[in-house]
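To start, the structure itself, in structure tokens.
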Amino acid sequence: MNENVEKLAKNLVNYSCSLKKGEKILIEGGQDAENLICAIVKEVYKVGGYPFVDIKNQAINREILKGTSKEHSSLMASYMLPKITDMDAYIGITASRNIYELSNVDKNRIQDYNVYYQKPIHHDVRVTKTKWVILQYPTPSFAQMAGKPTDDFEKFYYDVCNLDYAKMNRAMDNLKNLMEKTDK
């Protein structure tokens with residue numbers, strides 16, 4: 001497995017989610033992020049946590065959204081609520097093959113989905129009650145949006161995602177303390 005992927009998984013589990021032994025984590029991601037999801041699962045086990053995984057597929061999601069309604073979106077939320085409520089942490093990984101996959105879905109159906117599924121699951125529970133992080137996986141589509149070849153974009157992506165954010169956070173705390181002292 002790629003050492004950049006392993007390092008990112010370690011950072012996501014240990015720094016971003018600060019997962020502890022015995023905690024449960026839901027990992028949702030696109031099928032193209034399989035190697036990162038596998039690395040995250042291994043890292044969760046290393047810390048003594050319990051991984052739960054849902055693989056997402058935008059083409060399937062598009063078909064569901066094309067026919068969904070307020071009632072259907074609410075039903076989907078009622079099935080997902082016990083699961084997300086039971087989690088201590090969440091990692092969401094977008095891995096789009098085509099960023100325009102949902103462009104032909106009626107905006108009212110997307111709005112119903114956002115109000116009756118996304119809001120109760122993600123805004124009301126995940127954001128307020130779990131340790132969470134969301135990121136986009138470096139797919140060729142993502143590299144294309146950045147106007148870069150895939151290899152160059154992946155290098156840039158992992159360089160940024162694998163910075164020592166704990167060290168940066170400590171440096172910012174030191175700077176903040178220094179600024180507070182000079183303000184007095």
Side-chain angles (χ1 to χ4, degrees), residues 1-58 61 77 80-97 99 114 117-146 148 150-177 179:
M1 184 168 297
N2 181 320
E3 71 179 52
N4 283 322
V5 172
E6 290 175 354
K7 185 175 182 180
L8 179 55
K10 185 174 183 172
N11 289 338
L12 291 169
V13 171
N14 294 287
Y15 179 75
S16 299
C17 291
S18 53
L19 197 72
K20 306 290 184 244
K21 183 177 181 175
E23 290 186 321
K24 299 173 293 297
I25 184 167
L26 177 60
I27 306 150
E28 287 187 329
Q31 62 199 34
D32 290 339
E34 176 184 309
N35 62 343
L36 177 57
I37 294 168
C38 288
I40 292 168
V41 167
K42 289 176 185 177
E43 191 61 35
V44 169
Y45 281 135
K46 281 182 189 174
V47 301
Y50 301 107
F52 296 82
V53 176
D54 284 343
I55 300 297
K56 302 294 183 180
N57 180 298
Q58 279 295 82
N61 194 39
M80 181 62 166
L81 266 171
K83 184 178 195 174
I84 193 70
T85 302
D86 194 40
M87 295 296 142
D88 300 295
Y90 173 91
I91 297 175
I93 306 164
T94 303
S96 298
R97 291 180 180 179
I99 61 166
N114 288 338
Y117 179 82
Q118 293 282 49
K119 183 182 179 305
I121 298 303
H122 293 283
H123 299 280
D124 297 346
V125 177
R126 177 189 46 89
V127 169
T128 62
K129 296 183 169 80
T130 68
K131 302 176 282 185
W132 60 273
V133 62
I134 296 175
L135 66 152
Q136 181 135 355
Y137 189 75
T139 60
S141 175
F142 195 16
Q144 188 175 27
M145 287 183 351
K148 296 196 176 291
T150 303
D151 289 349
D152 291 353
F153 183 74
E154 282 181 3
K155 181 185 179 330
F156 167 77
Y157 176 89
Y158 287 112
D159 285 349
V160 171
C161 289
N162 286 330
L163 287 171
D164 188 341
Y165 286 99
K167 182 178 179 181
M168 193 182 306
N169 201 21
R170 287 189 301 275
M172 291 302 294
D173 286 344
N174 291 338
L175 181 61
K176 180 182 168 189
N177 291 336
M179 300 275 295

Side-chain touch Tyr137/Asn35, heavy atoms, less than 4.5 angstrom: yes

Note, Leu12 side chain near Leu135 side chain (heavy atom, < 4.5 Å): yes

Atom pair CG/CD of Asn57 and Gln31 - distance to nearest 0.5 Å: 4.5 Å

side-chain hydrogen bond (donor to acceptor under 3.5 Å, both in side chains) involving Asn11 - partner list, sequence neighbours excluded: Asn162

Lys24 atom NZ, neighbour heavy-atom count above 12 within 6.0 Å: yes

Partner set under side chain to side chain contact (heavy atoms under 4.5 Å, CB included) for Tyr165, not counting sequence neighbours: Tyr15, Val160, Leu163, Met168

Counterpart residues, salt bridge (charged side-chain N to carboxylate O under 4.0 Å, His left out), relative to Lys20 (two or more places apart): none

Pairwise salt bridge (charged side-chain N to carboxylate O under 4.0 Å, His left out) hits with a residue in residues 127-140, at least two apart: Glu23-Lys131

CD1 on Ile37 to CD1 on Ile93, rounded to 0.5 Å: 4.5 Å

Counterpart residues, side chain to side chain contact (heavy atoms under 4.5 Å, CB included), relative to Lys148 (two or more places apart): Ala146, Phe153

Nearest-0.5 Å distance, CD of residue Gln118 to CE of residue Met80: 10.0 Å

Thr150 (side chain) donor-acceptor with Pro140 (main chain) under 3.5 angstrom: no

All side-chain hydrogen bond (donor to acceptor under 3.5 Å, both in side chains) counterparts of Asn4, not counting sequence neighbours: none

Distance-only donor-acceptor pairs under 3.5 Å for side chains of residues 48-56, two or more places apart:
from, atom 1, to, atom 2, distance (Å)
Asp54, OD1, Lys83, NZ, 2.9
Asp54, OD2, Lys83, NZ, 3.1

Atom of Gly30, atom of Ala95 and distance for their closest heavy-atom approach: CA-CB, 4.0 Å

With sequence neighbours excluded, residues passing side chain to side chain contact (heavy atoms under 4.5 Å, CB included) with Lys167: Asp164, Arg170

Minimum side-chain heavy-atom gap Glu43-Ile25 below 4.5 Å: no

Ile91 side, atom CD1; Thr130 side, atom OG1 - distance, nearest 0.5 Å: 10.5 Å

Salt bridge (charged side-chain N to carboxylate O under 4.0 Å, His left out) against Asp159, all qualifying residues, sequence neighbours excluded: Lys155

Residues which pass side-chain hydrogen bond (donor to acceptor under 3.5 Å, both in side chains) with Asn114, listed by chain and number, not counting sequence neighbours: none

Under the salt bridge (charged side-chain N to carboxylate O under 4.0 Å, His left out) test, residues paired with Asp124 that sit two or more places apart: Lys119

Over 12 non-hydrogen atoms of neighbours within 6.0 angstrom of CE in Met145: yes

Side chain to side chain contact (heavy atoms under 4.5 Å, CB included) partners for Gln144, two or more places apart: none

Beyond-backbone contact of Ile134 with Arg126, side-chain heavy atoms, under 4.5 angstrom: yes

Test item: His122 and Trp132 side chains (from C-beta on) under 4.5 Å apart, heavy atoms: no

Side chain proximity check, Lys7 to Tyr158, heavy atoms < 4.5 angstrom: no

